Amino acid sequence: MPQLAVYYEHPDWFRPVFTALERRGVPYIKVDAGAHVFDLDERRPTYDLVFNRASPSATYAGILGPFSRPGAG
């Protein structure tokens with residue numbers, strides 16, 4: 001079965017998405033944007049489809065930790 005991942009910033013903001021998927025019986029994995037890292041050595045992606053509604057401003061709010069602000073550092 002294809003693997004759906006929901007890439008989220010804040011669980012409260014995505015509660016309607018999670019609820020709708022669960023109500024429809026759609027299997028999915030929650031991927032916390034603040035804790036997630038990509039393994040560039042992986043030969044096959046972990047997920048078949050990633051639903052991503054992360055806000056670009058999350059990088060400035062410190063939610064998407066692995067990224068840094070332009071000009072920082």
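Everything numeric here is computed off the predicted structure, so don't read it as measured data.
Shown are Leu49, Leu21, Asp32, Val26; of these, the side chain to side chain contact (heavy atoms under 4.5 Å, CB included) with Val6 is made only by Leu21.
Here the closest heavy-atom approach between residue Pro27 and residue Leu4 is recorded as O-CB, 3.9 Å. Residues Pro11 and Phe18 come closest through the heavy atom pair O-CE1, 4.2 Å.
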ask   = Should Tyr8 and Val17 be marked as a side-chain contact (heavy atoms from CB on, under 4.5 Å) after you check the CA-CA gap, both sets of side-chain angles, and the distance that decides it?
value = CA-CA 10 Å; Tyr8 71 95; Val17 173; over 6 Å; no
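The closest side-chain donor-acceptor pair between Tyr28 and Gln3, if any, does not fall under 3.5 angstrom.
In this structure, the separation between CZ on Arg15 and CG on Asp12 is 4.5 Å, given to the nearest 0.5 Å.
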